[in-house]
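This report concerns only the one structure given below.
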2 protein chains.
Amino acid sequence: MTPELPHSSPQPLRADARDNRDRLLEAARAVFSQEGLTVPTREIARRAGVGPATLYRHFPTKEELVTAAFADQLRACQDIVDRASADPDPWRGLCQVIENICELHARDRGFTEAFLSAYPRAITVVTGRDRILATIADLARRAKLTGHLRPDFEPDDLVLMLLANKGIQLPSPTAQLAASRRFAALLIQAITHCPHNTPLPPAVHLATNRPRPTG
Amino acid sequence: MTPELPHSSPQPLRADARDNRDRLLEAARAVFSQEGLTVPTREIARRAGVGPATLYRHFPTKEELVTAAFADQLRACQDIVDRASADPDPWRGLCQVIENICELHARDRGFTEAFLSAYPRAITVVTGRDRILATIADLARRAKLTGHLRPDFEPDDLVLMLLANKGIQLPSPTAQLAASRRFAALLIQAITHCPHNTPLPPAVHLATNRPRPTG
DNA sequence: GGTTAAACGGACGGGGGCGTCCGTTAGCGT
DNA sequence: ACGCTAACGGACGCCCCCGTCCGTTTAACC
């Protein structure tokens with residue numbers, strides 16, 4: 001729509017513009033982390049010390065702001081998964097993934113929301129997510145071979161865990177962190193292979209991108 | 001504020017008023033179950049075939065409508081817990097509670113939201129919830145004695161599970177039900193006593209009524 | 001220092017949700 | 001049948017949020 005595309009950097013921004021853009025991203029990361037994605041864009045503009053129009057000039061829509069703000073987090077998540085995937089013990093790697101991702105959510109509330117397709121059209125997030133999930137699926141496949149991961153575990157269970165972890169929302173950051181840690185430990189226990197563990201009901205195929213929740 | 005208190009029934013309502021009130025409650029239950037508590041009050045009034053003013057005359061605030069609509073569900077939940085608590089095998093009873101409550105949420109999205117203090121000031125919900133949680137705590141205590149429930153389980157873990165279960169939201173009702181069932185099975189696995197299960201990180205005390213989430 | 005255009009931000013429009021007002025309707029008692 | 005009043009509902013005010021417009025500021029270049 002707008003003839004100018006400042007986020008693609010086809011030409012260098014003016015000094016103040018670049019400065020404002022950086023402050024906006026910084027404020028967005030901070031606020032989204034603490035409050036989640038529901039926080040109004042005005043609040044971010046206010047904390048960045050700019051007017052609303054400036055925010056929308058740099059990020060034409062809230063979705064693009066979210067995507068840009070969580071690009072780093074997405075890379076961090078990818079790193080977590082890649083590093084865990086490189087672990088010689090795939091079961092230990094999978095456990096680390098669960099613990100780290102639960103903790104990531106506890107510290108950064110907005111990220112999980114973004115990751116779980118609050119904005120399905122954010123291609124960066126979606127493609128990144130699919131790569132991450134594919135990596136984890138392979139990790140799980142190898143973890144089963146070690147005999148530590150129960151055989152009826154399915155990759156979609158991990159999405160289930162993410163969704164569930166998203167539901168854990170507490171007012172105090174420390175409580176949030178403690179709760180997510182304990183929850184992660186419970187999840188690991190749940191998927192541990194045990195001679196006398198009862199069979200699970202059928203898994204659900206979760207196409208995370210598909211849904212059009214409301215309207 | 002209003003001199004008339006139609007919900008306390010100090011005097012009989014007129015026939016049409018009583019009829020409208022019933023249809024409002026029915027519509028509220030149906031819509032809240034399917035869509036959750038975020039659905040606008042207008043929608044409920046529309047489905048009940050009345051104007052917005054009529055809704056607000058019977059239920060001065062959305063919170064009171066929610067409370068009234070879920071009074072039955074709360075009793076149903078209480079029944080589930082009471083029946084499970086009367087089971088001679090407390091471990092089986094606890095498992096049934098988890099399965100039934102997860103399924104309850106799957107079928108009725110609004111209830112879990114209401115139960116988990118989306119409206120902290122709804123006294124009916126809060127007191128009912130506290131009674132339910134107390135019953136479950138006692139059930140868990142007895143289940144530990146059987147040796148099937150892991151000793152480091154704490155009653156607050158159940159609130160954690162409820163919060164987590166709330167996070168599982170899928171567009172399709174059948175998928176929602178399947179997901180909640182599988183999740184419940186995983187949770188039961190997680191709290192099953194097993195000789196070589198790893199110790200859990202410290203529990204969190206969750207004062208469910210306390211938080212003032214946003215604003 | 002002056003010119004130019006990029007960048008800014010206050011003010012605006014649009015949409016949606018909650019709760020209320022007041023003129024109108026219709027149930028109930030006689 | 002008739003009047004009284006409870007009950008109704010369309011229209012309204014208020015608030016919040018997203019995204020835009022236009023007059024003003026200011027960085028960049030000569």
Side-chain angles (χ1 to χ4, degrees), chain A residues 1-24 27-28 31-32 35-69 118-119 121-122 213-215, chain B residues 1-24 27-28 31-32 35-69 118-119 121-122 213-215:
Chain A
M1 294 300 177
T2 49
E4 35 175 6
L5 301 172
H7 48 293
S8 303
S9 68
Q11 51 182 343
L13 290 155
R14 225 170 66 179
D16 55 348
R18 171 127 198 91
D19 202 48
N20 280 336
R21 189 176 188 280
D22 290 348
R23 285 214 311 282
L24 278 168
V31 174
F32 283 147
E35 314 277 345
L37 264 38
T38 61
V39 73
T41 53
R42 300 309 228 253
E43 174 68 14
I44 290 162
R46 198 185 57 78
R47 292 212 195 185
V50 304
T54 299
L55 187 152
Y56 282 103
R57 194 172 310 111
H58 286 290
F59 308 99
T61 182
K62 188 175 182 177
E63 177 170 329
E64 295 197 35
L65 174 61
V66 170
T67 308
Y119 292 95
R121 289 166 48 180
T214 55
Chain B
M1 293 299 178
T2 50
E4 35 173 6
L5 300 172
H7 48 292
S8 306
S9 68
Q11 52 181 350
L13 290 158
R14 226 170 64 180
D16 55 346
R18 173 125 197 93
D19 202 49
N20 279 335
R21 189 176 188 281
D22 289 347
R23 285 215 310 283
L24 278 168
V31 174
F32 284 148
E35 315 278 345
L37 264 38
T38 60
V39 74
T41 54
R42 300 308 228 254
E43 174 68 12
I44 290 162
R46 197 183 58 76
R47 293 212 195 186
V50 302
T54 300
L55 188 153
Y56 282 104
R57 194 172 309 111
H58 287 290
F59 309 98
T61 182
K62 187 174 183 178
E63 177 171 330
E64 296 197 34
L65 174 62
V66 170
T67 308
Y119 292 96
R121 288 166 48 181
T214 54

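Remember, it's a predicted structure, so these values are computed and weren't measured experimentally. Every chain is numbered from 1 and lettered A, B, ... according to where its sequence line falls, protein lines coming before strand lines.
Look at CG on A:L24: it is 13 Å from C1' on C:dA7, rounded to the nearest Å. Put simply, CD on B:E43 is 9 Å from P on C:dG17, counting in whole angstrom units. Protein atom CD1 of A:I44 is 12 Å distant from nucleotide atom P of D:dG19, rounded to whole Å. Computed from coordinates, the B:L37 CG to C:dC18 P distance equals 11 Å when rounded to whole Å. What separates CZ of B:R46 from P of D:dC8 is a distance of 19 Å, to the nearest Å. The separation between B:R18 atom CZ and D:dA6 atom P is 18 Å, rounded to whole Å. Atom pair A:L55:CG and D:dC17:C1' shows a separation of 13 Å (rounding to whole Å applied).
The base of D:dA7 does not come close enough to the side chain of B:R14 for any donor and acceptor atom to sit less than 3.5 Å apart. Interface remark: the A:R57 side chain does form a donor-acceptor pair with the C:dG9 base, using a distance-only criterion of under 3.5 Å.
Of the candidate nucleotides D:dG19, C:dC18, C:dG9, D:dG19 has the atom lying nearest to any side-chain atom of A:K62. Distances from the side chain of A:Y56 to the nucleotides D:dT20, C:dC8, C:dC28 place D:dT20 closest. Closest to the A:V50 side chain, of the nucleotides C:dG9, C:dT20, D:dC17, is C:dG9. Side-chain proximity of A:P52 to the nucleotides C:dA7, D:dA7, C:dG10 is greatest for C:dG10. Distance from the side chain of B:H58 is smallest for D:dC8 among the nucleotides D:dG19, D:dC8, C:dC18.
Along DNA chain C, the nucleotide nearest A:T54 and the nucleotide nearest A:R42 are compared for position; the residue whose nucleotide lies closer to the 5' end is A:T54. Mapping A:D16 and B:D16 onto DNA chain D via the closest heavy atom, the residue that lands nearer the 5' end is B:D16. Take the nearest nucleotide of DNA chain D for B:G49 and for A:T41: the residue whose nucleotide is more 5' is B:G49.
A:R42 and A:P52 make their closest contact through NE-CG, 3.3 Å (heavy atoms, listed as atom of the first residue, atom of the second, distance). A:T41 and A:L55 make their closest contact through O-CD1, 3.5 Å (heavy atoms, listed as atom of the first residue, atom of the second, distance). Between B:I44 and B:A27, the shortest heavy-atom distance links the atoms O-CB, 3.9 Å. In this structure, B:L24 and B:H58 approach most closely via the heavy-atom pair CD1-CD2, 4.0 Å. For B:E64 against B:F59, the heavy-atom pair with the smallest separation is O-CD2, 4.2 Å.
At the phosphate of D:dG19, OP1 or OP2 sits under 4.0 Å from a side-chain N or O atom of A:T61. The phosphate of D:dC8 has OP1 or OP2 within less than 4.0 Å of a side-chain N or O from B:N20.
At the heavy-atom level, B:A53 lies under 4.0 Å from base atoms of the strands shown.
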